[in-house]
Structures are given as C-alpha cells and as structure tokens.
Visitor: 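Here's a structure for you.
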Amino acid sequence: MLQIALASFQIFLPFSNSVKYILLGVAIFLFLVAIFLLVYNLYKYLRYKSSVARNEKTYLDGTYVEKKTTSNILLKSVAPTFLEITRKEQDSKIQLMRKEMEKLEERLTPSPPSTESLDDLDSNPPLMPRGKLKLSLYYDKKKMALLINVIEATDLPAHSHDPFVRIKVFSKADDPHSSVQTIIHEWDTKVVKNSRNPVFVESFTCTLKESQLLSTSLKFEVKDFDKYSRHTLIGETRATLQGLKTSKTLELYEDLQEKTKDAIGEVLISLKCLPTAQKIEVGILKFKTSSLSTISERDVYARIDVFTNQHKQKHQKSSLRAKSKVTVFNETFLFGLPDPGKTHCLILVSLYETIASGRKLIGQTSLGNQNTKAEDGHWELMMQTLRQPVAKWHPLFI
C-alpha cells in the first residue's frame, strides 16, 4: 500500500523523496484524526440514546422527579401524566369558551322594548353615570325638513378620550304597528380629542313629510373613537318626534342610557337535522327589509357562525346578492352536529352590505338550543321532523 501511494506521488508530484514522505505523513495524521472524531461522535450519540430511553421509561412509570445535573441544568418534574395535563388544558379552554358563550347569549337576548347592541360592547356597570347630551330639533313645514342640532355632551365617564356622536333616524313608514324599523339616515359628528365635555355644535338635515313624524324616531349614540373602527359605546339617548311642533325648536338635555338594539328587518332561515351524517343544514332563504332602506348600488351577503359545545366551527358565507326589499338567497350550508339530542348548539346569522370602505353590519339574529332569546320553537320543530327542512322568519337586530 505504501509503495502504491509512493508511486502515485511520483507520478503527480515531481518533488524530492523527503517532501513526499512529509506529505504522506500529514495525510495519514489527518486520516487518523478523522477516524478519532468519528468514533467520538458515535460514542456520544449512543450515550445520548441510552439516556433518552432511561428518561422515557422513568417518565412512563410516573416516578420522574426533579434532578440537577453536573452542568447545573434543572430538569422539571413531570410527575403528572400527559393525559392529566391535556385534560386540564381542555377544561380551561372549555370554561373560557363557556364564558364567551354566556356573554354572546346576553347580547343576543332581546328585552322589551329593546336590548343591547350587537356591535358595541360596554363593560360599564348599569348604574354608572354616563353623562348627558344636549341637542335641539326643529321641523320646517314649508321645506319639509328636519333640522337636528347636536350641541354638546357633559360629564362623560373618565375613560372617555375622543368622543363623537352617531345619529340614526329610524322610520316605521311601511307599518307603524310593526316592531321592525328602518334606518333612513345616519351621520357622525366630528371627533373631539381628549375631552369629557365635548362641544360639537353641528347640524344635520333630512327631508321628512309631516305625516312621517309620528313614525320617525331618533337615536343618538355617544361613542369613544377608535382608529381601528372598534368604537366603544359610552351611552345613548332617544327622541321621538310626536311632541315636535312645526316651526318651533325643541331643546333636549338627556341623560345617556345603556345601549339598546332595534329590529331592522327579518331573515327566513331553514334548519334540517341529519342525525346519521351528524350534521345540520342551515339555509338562508330570504332577507326582508323596508323599502326605505333599499339601496340598489349595494350588495348584501350572509355570514353563518355555529358554536357546538362551546366550540366555534369555521364560519361560512353566502354569495353576494343585490339589495332589495326582499333579497332572495336560497343557499344552504352544512355544519357538524354530533349527537343532536345532547349537543349544545348556537347559530349566529349576520347580514352585511358592501360599502366603499369594506362592509357594514345590517343586523344579526341567533337561534339554537341555548335559550339565546325568546322561545320561537324553531329548534324543536327541526328535532321533531328529522331530515326535513323547517323554515321560519327571525328578526334582525342592530
């Protein structure tokens, strides 16, 4: 072997014999170093594998205790089994989801004459003072115009930073006896920075016939501005136009109350239980609103969220439809429903309309077996007629 190596060196390296022997010695030394490193790493690997096997065996026996190695590395005690740890994590997640479900049920439960808004959540205690709002109303009979003047707000809560006022004009022109209303106008005042007593002095005008005054009401929402459009509701007040005399200014200085919600339309929903497949079919059939709120340039779509046993499934959306007095969807969506007789289920249906800046919530409704609102019997009818769709109208709240 040595002769072969020397022959190769003689062919390719025209050096003296002493140089060739030096290079050969260096090569042999590097080869031995490589062999040593390989054996050393193999030894470390085998030692590591054996220690891992011992730790796993000790862990499974439930006797793994806290130790301290020579390099001062603390090994944490893992006496509880994986199943116990996983069970505790699941219990904590279920408790958190249950609290969120209870909050959602409270928001979606209407109380006469109205209940909380679905968009703006307020954590203030019910009896906590929310401040006052000063405004004035004037109806010009000749011009058939209602002038709304928002003057100022006073004594807002300490957490209020950048307040503004949102004005909504509701009408029941289609059916004065119906609980369903229509938002015919909506405005926002300017935002007043860092003030608990903001002065607005802004006026808004809308066209109204004198015969519409009795079926028209106003809602003033004082909100704390948020740059991400998640404005916090501070309080609200309402005003009816029944006592408004023509050509006379009506001044109001009202206390701000808790948030409320209003029925602004109805949606026809069908439910079908498929026990063999362990699924539920939710159908969005029609959406009905007042003709006054119809805007032909806008499209609407429905979003369906389903919660089963405090677990939120992936939401689904309908396709876009042109907004009209009666918007027809006729679309169905499948969701998982294991053990329909025992599974707690909540279905939340939200209607949105498209606007230039994105989307705007029209209204929401909920149904299921979670007692989220007054019993309408829809879920019970579905359970009595398995594998058959059952349709029912539900009010939309905003």
Visitor: Do the side chain of Ser324 and the main chain of Val326 share a donor and acceptor less than 3.5 angstrom apart?
Guide: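 Yes.
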
Visitor: Should the pair Glu221-Lys168 be classified as a salt bridge under the 4.0 Å nitrogen-to-oxygen rule?
Guide: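 The answer is yes: the pair qualifies as a salt bridge.
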
Visitor: So if you build clusters from Ile, Leu, Val, Met, Phe, Trp, Tyr with side-chain heavy-atom gaps below 4.5 Å, do Leu133 and Leu252 land together?
Guide: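 Yes, Leu133 connects to Leu252 through the hydrophobic network.
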
Visitor: Do the side chain of Gln388 and the main chain of Thr385 share a donor and acceptor less than 3.5 angstrom apart?
Guide: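 Between the backbone of Thr385 and the side chain of Gln388 there is no qualifying donor-acceptor contact (under 3.5 Å).
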
Visitor: Does Leu137 reach the side chain of Thr249, with side-chain heavy atoms less than 4.5 Å apart?
Guide: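 Heavy-atom side-chain distance check fails, nothing below 4.5 Å.
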
Visitor: Could Glu236 and Lys259 be called an ion pair, given the rule that one side-chain N must be under 4.0 Å from one carboxylate O?
Guide: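 No, no charged N to carboxylate O under 4.0 Å.
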
Visitor: Tell me, with the steps shown, if Phe164 and His231 meet ring pair (Phe, Tyr, Trp, His ring centres under 6.0 Å).
Guide: CA-CA 10 Å; Phe164 71 98; His231 312 306; 5.1 Å; yes

Visitor: Any sub-3.5 Å donor-acceptor pair from Asp262's side-chain atoms to Ile264's backbone N or O?
Guide: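 It does not hold such a pair.
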
Visitor: Do the side chains of Val306 and Leu285 join up, straight or via other hydrophobic residues, at under 4.5 Å, putting them in one cluster?
Guide: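 Different hydrophobic clusters.
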
Visitor: Given side chains that start at C-beta, do those of Tyr43 and Val39 come closer than 4.5 Å, heavy atoms only?
Guide: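 Side chain of Tyr43 against side chain of Val39, heavy atoms only: no contact under 4.5 Å found.
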
Visitor: Are Asp299 and Arg359 close enough for a salt bridge, meaning some N to O gap below 4.0 Å?
Guide: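 The answer is no: the pair does not qualify as a salt bridge.
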
Visitor: Measuring from Ile362:CD1 to Thr327:OG1, what's the distance to the nearest 0.5 Å?
Guide: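 Answer for the CD1-OG1 pair, Ile362 versus Thr327, is 7.5 Å.
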
Visitor: What is the distance from atom CG of Asn309 to atom NZ of Lys342, rounded to the nearest 0.5 Å?
Guide: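 If we round to the nearest 0.5 Å, Asn309:CG and Lys342:NZ are 11.5 Å apart.
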
Visitor: Between Thr365 and Leu396, which heavy-atom pair has the shortest distance, and what is it?
Guide: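 Reported closest heavy-atom pair: N-CD2, 4.0 Å.
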
Visitor: So, Asp162 side chain and Val191 main chain: donor-acceptor pair closer than 3.5 Å or not?
Guide: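 No.
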
Visitor: Are Phe329 and Val300 packed together at the side-chain level, in the sense that at least one heavy-atom pair is separated by less than 4.5 angstrom?
Guide: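 A side-chain contact exists here, since the closest heavy-atom pair is under 4.5 Å.
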
Visitor: Of all the heavy-atom pairs spanning Pro275 and Leu386, show the shortest one and how long it is.
Guide: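 That closest heavy-atom pairing would be CG-CD1, 4.2 Å.
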
Visitor: Using only heavy-atom distances, determine whether the side chains of Gln364 and Ser350 contain a donor-acceptor pair under 3.5 Å.
Guide: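 Yes, because at least one side-chain N or O of Gln364 sits under 3.5 Å from a partner of the opposite role on Ser350.
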
Visitor: Between Arg321 and Ser319, does the side-chain hydrogen bond (donor to acceptor under 3.5 Å, both in side chains) criterion hold? Intermediate values first, please.
Guide: CA-CA 7 Å; Arg321 294 286 192 274; Ser319 55; 2.4 Å; yes

Visitor: Are the side chain of Glu202 and the backbone of Lys190 linked by a donor-acceptor contact shorter than 3.5 Å?
Guide: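 Side chain of Glu202 to backbone of Lys190: a pair is present.
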
Visitor: Do Phe204 and Ile167 have side chains that approach each other closer than 4.5 Å (heavy atoms only, starting at C-beta)?
Guide: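 Of all side-chain heavy-atom pairs linking Ile167 with Phe204, at least one is under 4.5 Å.
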
Visitor: Would you say the side-chain atoms of Arg387 and Thr276 include a donor-acceptor pair closer than 3.5 Å?
Guide: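 A pair is found: one side chain offers a donor N or O, the other an acceptor, under 3.5 Å apart.
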
Visitor: Under the side chain to side chain contact (heavy atoms under 4.5 Å, CB included) rule, what do Glu210 and Lys141 come out as? Steps first, then yes or no, please.
Guide: CA-CA 7 Å; Glu210 189 174 1; Lys141 186 177 180 179; 3.1 Å; yes

Visitor: Nearest 0.5 Å, please: how far is CZ in Phe287 from OG in Ser318?
Guide: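 One gets 11.5 Å once the value is rounded to the nearest 0.5 Å.
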
Visitor: Between His378 and Val390 (side chain of the first, backbone of the second, donor and acceptor by atom type, cut-off under 3.5 Å), is there such a pair?
Guide: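 Side chain of His378 to backbone of Val390: a pair is present.
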
Visitor: Any non-hydrogen side-chain atom of Lys132 less than 4.5 Å from a side-chain atom of Glu254?
Guide: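 Answer no - side chains too far apart.
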
Visitor: Measure across Tyr352 and Arg303 and return the closest heavy-atom pair with its distance rounded to 0.1 Å.
Guide: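 Minimum heavy-atom contact is CE1-CB, 4.3 Å.
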
Visitor: Using every non-hydrogen atom in the two residues, find where Leu268 and Ala391 come nearest and quote the distance to one decimal.
Guide: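 Heavy atoms of Leu268 and Ala391 come nearest at CD1-CB, 4.1 Å.
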
Visitor: For residues Thr308 and Phe335, determine if any side-chain heavy atom of one lies less than 4.5 Å from a side-chain heavy atom of the other.
Guide: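 No. Closest side-chain heavy atoms not under 4.5 Å.
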
Visitor: Under 3.5 Å, is there a donor-acceptor pair linking the side chains of Tyr253 and Thr154?
Guide: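 Tyr253 vs Thr154: donor-acceptor pair found between side chains.
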
Visitor: Any chain of hydrophobic side-chain contacts (each under 4.5 Å) joining Phe220 to Tyr138?
Guide: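 Phe220 does not cluster with Tyr138.
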
Visitor: I'd like to know if the side chain of Asp226 and the backbone of Tyr228 have a donor-acceptor N/O pair within less than 3.5 Å.
Guide: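 Yes; judged by distance alone, with no hydrogens or angles, the pair exists.
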
Visitor: If you measure from the Lys or Arg side-chain nitrogens to the Asp or Glu carboxylate oxygens, is any gap between Lys317 and Glu331 under 4.0 Å?
Guide: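 Salt bridge flag = no for Glu331 with Lys317.
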
Visitor: Just checking, any donor-acceptor pair under 3.5 angstrom between side chains of Arg238 and Thr240?
Guide: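 Arg238 vs Thr240: no donor-acceptor pair found between side chains.
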
Visitor: Within this structure, what is the NZ-NE2 distance for the pair Lys312 and His315, rounded to the nearest 0.5 Å?
Guide: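 Separation between the atoms: 6.5 Å.
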
Visitor: Are the side chain of His161 and the backbone of His159 linked by a donor-acceptor contact shorter than 3.5 Å?
Guide: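 Side chain of His161 to backbone of His159: a pair is present.
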
Visitor: What's the spacing between Leu218 CG and His185 NE2 if we round to 0.5 Å?
Guide: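 Result: 10.5 Å between the selected atoms.
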
Visitor: Over all heavy atoms of both residues, which pair between Thr205 and Trp187 is shortest? Give the atoms and the distance, please.
Guide: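 Reported closest heavy-atom pair: O-CZ2, 3.7 Å.
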
Visitor: Can you tell me if Arg196 uses its side chain to pair, donor with acceptor, with the backbone of Leu156 under 3.5 Å?
Guide: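 Side chain of Arg196 to backbone of Leu156, a donor-acceptor pair under 3.5 Å: yes, one is there.
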
Visitor: Kindly indicate whether the side chain of Leu208, heavy atoms from C-beta on, has any atom under 4.5 Å from the side chain of Thr216.
Guide: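 Leu208 reaches Thr216 side chain to side chain.
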
Visitor: Could you tell me whether a side-chain N or O of Lys219 sits under 3.5 Å from a main-chain N or O of Thr260, the two making a donor and an acceptor?
Guide: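 Present.
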
Visitor: Of all heavy-atom pairs between Asn369 and Cys345, which one has the smallest distance, and what is that distance?
Guide: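 Result for this residue pair: OD1-N, 2.7 Å.
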
Visitor: What's the separation between atom OG1 in Thr207 and atom CE in Met144, rounded to the nearest 0.5 Å?
Guide: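 Going from the OG1 atom of Thr207 to the CE atom of Met144 covers 7.5 Å.
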
Visitor: If hydrophobic clusters are built from ILVMFWY residues whose side chains come within less than 4.5 Å, do Ile269 and Phe333 share one?
Guide: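 Yes, same cluster.
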
Visitor: Any side-chain heavy atom of Tyr21 within less than 4.5 Å of one from Val19?
Guide: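 Not in contact.
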
Visitor: Can you list the steps and then say if Leu271 with Leu367 is a side chain to side chain contact (heavy atoms under 4.5 Å, CB included)?
Guide: CA-CA 10 Å; Leu271 297 178; Leu367 59 154; 3.3 Å; yes

Visitor: Evaluate the side chain to side chain contact (heavy atoms under 4.5 Å, CB included) criterion for residues Tyr139 and Leu213: first the C-alpha distance (whole Å), next the side-chain angles of each, then the deciding distance (0.1 Å), finally the verdict.
Guide: CA-CA 9 Å; Tyr139 182 72; Leu213 293 179; 4.1 Å; yes

Visitor: Report the C-alpha separation of Asn149 and Leu135 in whole Å, then their side-chain angles, then the decisive distance to 0.1 Å, and conclude whether the side chain to side chain contact (heavy atoms under 4.5 Å, CB included) test is met.
Guide: CA-CA 6 Å; Asn149 187 21; Leu135 52 98; over 6 Å; no

Visitor: Is there a continuous path of hydrophobic side-chain contacts, each under 4.5 Å between heavy atoms, that joins Val150 to Leu147?
Guide: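 No, no single cluster joins them.
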
